[in-house]
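Read through the structure below, which is laid out as structure tokens, and then see the notes.
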Amino acid sequence: MAENQSNASQAEAPAQAPVLRPGRPADPVPGAPVISVRPSPSVPDPDPAGTVGSAVSETGSDPSAAPDPQAGPDEGSEKNSGSSEQVVAESRQRKLRLMLRQCDRVLLMDFDLLAMNDWPDNYTMAEARRSRDLWLFSALIAALVFLSGLTGFVPAWIAGGGFGAFVIILLLGIPSVRHIYTSRPSYLDLIVTRQRMLREARRHVAHLEGTDGLIWQCAQMSDFNPALRNARFSHLLRLSENRSLSRQLNRREHVRLYLIYLLEAEKAYSRVQKAFFEGNQSAIDRGWREVAAEPEPRA
């Protein structure tokens with residue numbers, strides 16, 4: 001009986017509040033059971049270091065082996081851009097190489113032959129024509145005097161003098177005799193000189209043009225020399241395309257115009273050659289062996 005009353009009095013007594021002291025945890029409530037919490041072996045350790053370690057162990061020993069979601073598109077775009085640049089460079093080098101192969105006959109141009117520096121000018125031709133007309137007129141007068149003596153219209157001694165003058169004038173018309181007393185060429189010599197120079201120039205143009213037409217193919221180098229697009233060359237380009245240019249060069253002005261075009265084409269050729277060598281060196285520096293031109297094997 002006494003024990004039941006003591007237990008009831010203890011149950012009715014209010015629970016004592018825990019006492020907090022600085023530097024130590026709160027005191028447990030008297031009579032309250034102490035519960036010890038042990039970590040369950042199935043619950044993972046919330047340590048972040050352990051999580052990182054497990055992640056590293058799953059991905060491998062090298063952290064750099066983890067895939068980067070942003071690195072893939074960048075590397076692909078760089079590869080695509082590099083391949084496109086290589087294709088463009090290869091196409092450009094192929095085009096420049098074709099230009100150099102088709103227009104290399106520009107370097108065979110004979111400037112002195114096409115320039116015609118010894119071409120007889122119009123003043124020389126007019127002076128020689130005047131001398132020829134005077135020679136013909138003198139020979140005609142001497143012949144008339146001689147014929148007049150035969151008809152008895154003039155005395156015989158005058159007719160004989162006319163015959164002698166006519167013979168001398170005829171002898172002066174012979175080139176070997178004329179060069180004795182004068183070094184000036186005759187009108188016939190100047191005509192022959194013009195025809196010879198024009199014939200040699202046309203032969204040289206035919207050699208340069210070949211079977212494909214030189215200046216017609218050189219017109220594709222106009223990007224390197226805009227002077228090749230001049231309208232005054234259009235007629236020559238049309239004749240070169242039709243393979244009939246050398247036969248149509250009948251005047252010195254035509255040959256000189258052809259020479260001017262060749263000089264402009266030579267400038268463009270040197271620029272194309274420089275651009276080709278620079279592109280070839282750039283391809284070698286970047287390791288593009290397909291783009292770089294290789295020397296042809298020797299036979």
Side-chain angles (χ1 to χ4, degrees), residues 105 108-210 214-215 230 232-240 242-264 266:
R105 301 179 71 87
L108 302 178
M109 174 189 61
D110 191 345
F111 178 83
D112 296 332
L113 186 60
L114 297 178
M116 299 182 177
N117 295 324
D118 298 332
W119 181 268
D121 54 359
N122 294 331
Y123 176 77
T124 305
M125 294 291 295
E127 187 177 1
R129 188 184 300 110
R130 191 183 306 110
S131 299
R132 183 204 60 177
D133 295 341
L134 181 60
W135 174 79
L136 290 176
F137 181 75
S138 301
L140 181 61
I141 293 299
L144 290 177
V145 172
F146 173 70
L147 293 176
S148 298
L150 293 178
T151 59
F153 185 75
V154 294
W157 64 272
I158 297 178
F163 178 76
F166 177 75
V167 173
I168 293 175
I169 293 173
L170 289 181
L171 290 176
L172 292 178
I174 301 176
S176 58
V177 177
R178 186 181 63 252
H179 292 326
I180 295 176
Y181 68 92
T182 181
S183 59
R184 292 184 301 178
S186 63
Y187 181 75
L188 182 61
D189 293 339
L190 296 179
I191 293 294
V192 172
T193 300
R194 280 191 170 187
Q195 293 179 353
R196 176 182 57 81
M197 296 180 66
L198 187 60
R199 184 171 57 253
E200 292 177 353
R202 293 172 61 182
R203 187 183 300 115
H204 184 60
V205 170
H207 173 68
L208 293 178
E209 288 293 313
L214 176 62
I215 64 174
N230 199 312
R232 61 176 178 169
F233 301 127
S234 58
H235 184 62
L236 293 179
L237 294 176
R238 193 180 309 110
L239 294 176
S240 178
N242 296 331
R243 315 296 191 273
S244 61
L245 177 60
S246 60
R247 297 189 300 269
Q248 301 297 328
L249 297 179
N250 299 323
R251 302 178 60 183
R252 185 197 182 197
E253 292 77 9
H254 300 160
V255 179
R256 294 293 293 269
L257 185 62
Y258 182 81
L259 175 61
I260 294 173
Y261 189 91
L262 286 184
L263 293 176
E264 298 294 339
E266 188 177 10

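Proximity of Leu198 to Val255: side-chain heavy atoms (C-beta onward) are separated by under 4.5 Å at one or more points. Proximity of Ile260 to Arg232: side-chain heavy atoms (C-beta onward) are separated by under 4.5 Å at one or more points. Using a 4.5 Å cut-off on side-chain heavy atoms (C-beta onward), Leu239 and His254 make no contact. Contact annotation: the side chain of Arg132 approaches that of Arg129 to within less than 4.5 Å [non-hydrogen atoms, C-beta and beyond]. Side-chain contact between Met109 and Leu259 is present, with at least one heavy-atom pair separated by less than 4.5 Å. Arg238 has its side chain within reach of Asn242: a pair of non-hydrogen atoms, C-beta onward, lies under 4.5 Å apart. When side chains are defined from C-beta on, Ser246 does not count as touching Glu209, because their heavy atoms never get closer than 4.5 Å. Between Ile141 and Ile169 the shortest side-chain heavy-atom distance does not fall below 4.5 Å.
Summarising the geometry of Gly149 relative to Ala159, their closest heavy-atom pair is CA-CB, 3.2 Å, with the distance given to 0.1 Å. Nearest heavy-atom pair, Arg252 versus Ala115, reported as atom, atom and distance to 0.1 Å: NH2-O, 3.7 Å. For Ala128 against Pro185, the heavy-atom pair with the smallest separation is CB-O, 4.2 Å.
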(message) If you apply the rule side chain to side chain contact (heavy atoms under 4.5 Å, CB included), what do you find for Glu127 with Arg130, and how did you get there?
(response) CA-CA 5 Å; Glu127 187 177 1; Arg130 191 183 306 110; 4.0 Å; yes
(request) Go through the steps for Leu214 and Leu262 under the test side chain to side chain contact (heavy atoms under 4.5 Å, CB included), then give the verdict. (result) CA-CA 9 Å; Leu214 176 62; Leu262 286 184; 4.0 Å; yes
(message) Would Gln248 and Leu236 count as a side chain to side chain contact (heavy atoms under 4.5 Å, CB included) here? Give the steps.
(response) CA-CA 9 Å; Gln248 301 297 328; Leu236 293 179; over 6 Å; no
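Aromatic ring centres of Phe166 and Phe146 lie farther apart than the 6.0 Å criterion allows.
Checked by atom type and distance alone, the side chain of His204 pairs as donor or acceptor with a backbone atom of Asp110 at under 3.5 Å. Looking only at distances, a side-chain donor or acceptor of Arg105 sits under 3.5 Å from a matching main-chain atom of His207. Checked by atom type and distance alone, the side chain of Arg194 pairs as donor or acceptor with a backbone atom of Pro120 at under 3.5 Å.
Atom-to-atom distance recorded for Ser240:OG and Tyr258:OH is 6.5 Å, nearest 0.5 angstrom. One distance of note links CH2 of Trp119 with CG of Leu190; it measures 10.5 Å at 0.5 Å rounding. The CZ atom of Arg199 sits 9.5 Å away from the CZ atom of Arg202 when rounded to the nearest 0.5 Å. Between the CG atom of Leu144 and the OG atom of Ser148 there is a distance of 6.0 Å, given to the nearest 0.5 Å. Considering CG of Leu257 and CG of Leu114, their distance stands at 12.0 Å, rounded to 0.5 Å. Atom CG of Leu237 sits about 4.5 Å away from atom OH of Tyr261, to the nearest 0.5 Å.
Within a 6.0 Å sphere centred on CZ of Arg184, heavy atoms belonging to other residues, nucleotides or ligands number 12 at most.
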